[in-house]
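The model shown is predicted, which means the values in this text are computed figures rather than measured ones.
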Amino acid sequence: MDFLHLIKAIILGMVEGLTEFAPVSSTGHMIIVDDMWLRTEQLLGSKYVANTFKVVVQLGSILAVVVVFWNRFMELLGLSRFFGKKRGSSEWSDEMMVAEDGSYQPRQLKHGGGSRLKLAQVIVGLIPAGVLGVLLENYIDEYLFSTATVLIGLVVGAVLMIVADRFAPKRAKVETVDQITYKQAFAIGLFQCLSIWPGFSRSGSTISGGVLLGLSHRAAADFTFIMAVPIMAGASALSLVKNLEYFTPAALPFFIAGFISAFVFALLSIRFFLKLINRVKLVPFAIYRILLAIVIYFVFFF
């Protein structure tokens with residue numbers, strides 16, 4: 001595999017890393033860029049390998065989530081005593097908070113300070129999309145990885161985001177991810193099922209659902225990213241196992257280059273997005289999605 005082929009992997013990784021955390025559908029963007037310009041199906045020799053790449057490359061972005069939310073994950077797994085990052089005598093969360101003056105600051109958390117998000121709540125949120133994803137995986141891979149389906153997902157998802165901002169409670173009942181209830185976690189998981197349709201966006205569907213349920217945009221985003229780690233790890237493993245027969249050793253450098261690219265660009269973008277979502281909400285992203293769908297429709301189909 002020559003250098004120009006690896007450049008294609010790096011480009012797709014960049015697209016994934018920069019769009020994974022915004023509610024605009026990273027998978028949708030990768031499908032559009034690939035279908036219109038890169039044509040990785042021809043390069044990798046199979047549409048199944050190309051589709052698997054678009055799933056697996058997201059693990060680079062998910063690794064960035066683990067890095068940023070390291071303390072949170074160690075706490076959920078009961079390992080914070082051994083692997084948590086510390087500064088002085090206090091444990092510091094890897095999360096960030098937006099102060100009243102708009103500045104972006106780390107939030108210091110003391111041990112034993114109030115209720116905390118539990119692993120069981122994350123699992124409850126994962127169940128709906130996890131079950132549906134396994135049941136529909138073959139159908140999604142065969143019929144939904146196309147520019148046409150992505151355009152539908154972009155527009156319908158944008159409508160949901162506009163509705164969420166329009167009808168959300170004026171004052172959020174849940175300001176932080178630690179205040180989420182089991183019922184809210186499950187309901188957000190139901191909204192996550194919408195993201196099985198490429199172009200809908202996992203973060204767009206779950207943040208919208210969370211906001212409609214009374215969560216702040218930041219709390220909904222935090223819970224979305226925490227759920228993304230196991231759900232994407234599972235989706236990647238399922239896709240790899242299913243399509244293993246189509247793989248050749250020549251495809252491995254392509255996957256590695258895309259993974260590294262996605263991780264680097266995701267690490268650069270995640271904190272910026274978490275700061276931005278509390279300021280601009282969802283409507284600007286919805287407008288972008290609709291405009292993108294219109295442009296791609298005329299470019300791709302005319």
Side-chain angles (χ1 to χ4, degrees), residues 6 8-35 38-66 126 128-147 149-150 153-154 157 192-206 224-248 251-266:
L6 295 180
K8 291 185 177 183
I10 292 171
I11 290 173
L12 284 176
M14 177 183 69
V15 172
E16 157 60 27
L18 293 177
T19 59
E20 174 64 33
F21 306 109
V24 297
S25 178
S26 60
T27 302
H29 277 70
M30 283 192 290
I31 291 173
I32 290 171
V33 170
D34 194 21
D35 284 357
L38 301 183
R39 309 288 182 179
T40 58
E41 179 180 333
Q42 299 173 11
L43 171 63
L44 296 173
S46 166
K47 78 170 186 177
Y48 300 110
V49 178
N51 289 348
T52 297
F53 173 82
K54 295 182 184 73
V55 176
V56 173
V57 73
Q58 296 178 62
L59 289 178
S61 297
I62 296 309
L63 180 59
V65 174
V66 174
L126 293 173
V131 172
L132 197 61
V134 171
L135 294 176
L136 298 180
E137 201 268 343
N138 289 334
Y139 181 85
I140 295 166
D141 204 30
E142 187 69 31
Y143 299 108
L144 298 186
F145 271 73
S146 70
T147 297
T149 56
V150 167
L154 285 172
Q192 185 170 225
C193 292
L194 297 172
S195 67
I196 290 175
W197 186 284
F200 215 102
S201 171
R202 182 174 52 257
S203 59
S205 59
T206 52
T224 293
F225 298 156
I226 290 169
M227 284 199 301
V229 173
I231 203 75
M232 286 314 304
S236 298
L238 184 63
S239 187
L240 281 170
V241 170
K242 177 194 168 188
N243 298 310
L244 193 60
E245 63 183 288
Y246 301 106
F247 278 85
T248 64
L252 188 58
F254 193 88
F255 275 67
I256 293 174
F259 176 90
I260 294 173
S261 175
F263 171 72
V264 171
F265 283 100

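Distance alone, capped at 3.5 Å, places no donor-acceptor pair between the Ser26 side chain and the Glu20 backbone. Between the side chain of Thr19 and the main chain of Val15, a donor-acceptor pair closer than 3.5 Å is present. Side chain of Thr52 to main chain of Tyr48: a donor-acceptor pair is present (N/O by atom type, distance under 3.5 Å, no hydrogens or angles). A side-chain donor-acceptor contact under 3.5 Å links Ser195 to the backbone of Gln192.
When all heavy atoms are compared, the tightest approach of Ser205 to Phe200 is CB-CD2, 4.1 Å. Of all the heavy atoms in Asp141 and Asn243, the pair that sits closest is OD2-ND2, 3.8 Å. The heavy-atom pair separating Pro198 from Ile31 by the smallest distance is CB-CD1, 4.0 Å. Between Ile231 and Ala228, the shortest heavy-atom distance links the atoms CG2-O, 3.4 Å. Contact detail for Leu38 and Lys8: the closest heavy-atom pair is O-NZ, 3.0 Å. The two residues Ile32 and Val150 have their closest heavy-atom pair at CD1-CG1, 3.8 Å.
Using a 3.5 Å distance cut-off with no hydrogens or angles, the side chains of Ser236 and Ser239 do not pair a donor with an acceptor. Residues Thr224 and Ser203 have side chains that never bring a donor and an acceptor to within less than 3.5 angstrom of each other. Side-chain contact, Gln58 with Thr27: a donor N or O sits under 3.5 Å from an acceptor N or O.
Within the 4.5 Å cutoff, the side chain of Phe255 has heavy atoms near those of the Val56 side chain. The shortest side-chain heavy-atom distance between Phe263 and Ile62 does not fall under the 4.5 Å cut-off. The shortest distance between side-chain heavy atoms of Lys54 and Thr40 falls below 4.5 Å. Side chains of Met232 and Arg202 form a contact here, defined as non-hydrogen atoms less than 4.5 Å apart. Looking only at side-chain heavy atoms (C-beta outward), Glu142 and Glu137 stay at 4.5 Å or farther from each other. In this structure the side chain of Ser61 reaches within 4.5 angstrom of the side chain of Phe21, judged on heavy atoms.
Atom CG of Asn51 is separated from atom CZ of Phe145 by 5.0 Å, given to the nearest 0.5 angstrom. We find the CZ-CG distance between Phe265 and Leu18 to be 6.0 Å, quoted to the nearest 0.5 Å. Considering CE of Met30 and CD of Glu16, their distance stands at 4.5 Å, rounded to 0.5 Å. How far CZ of Phe259 is from CD1 of Ile256: 9.5 Å, rounded to the nearest 0.5 Å. Taking CG from Leu154 and OG1 from Thr147, the interatomic distance works out to 10.0 Å, rounded to the nearest 0.5 Å. To the nearest 0.5 Å, atom CZ of residue Phe53 and atom CG of residue Leu240 are 12.0 Å apart.
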Inset, instruction - Check step by step if side-chain contact (heavy atoms from CB on, under 4.5 Å) holds for Trp197 and Ile140. - result: CA-CA 8 Å; Trp197 186 284; Ile140 295 166; over 6 Å; no

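Here Asp34 does not pair with Arg39 in a salt bridge; the nearest charged N to carboxylate O distance is not below 4.0 Å.
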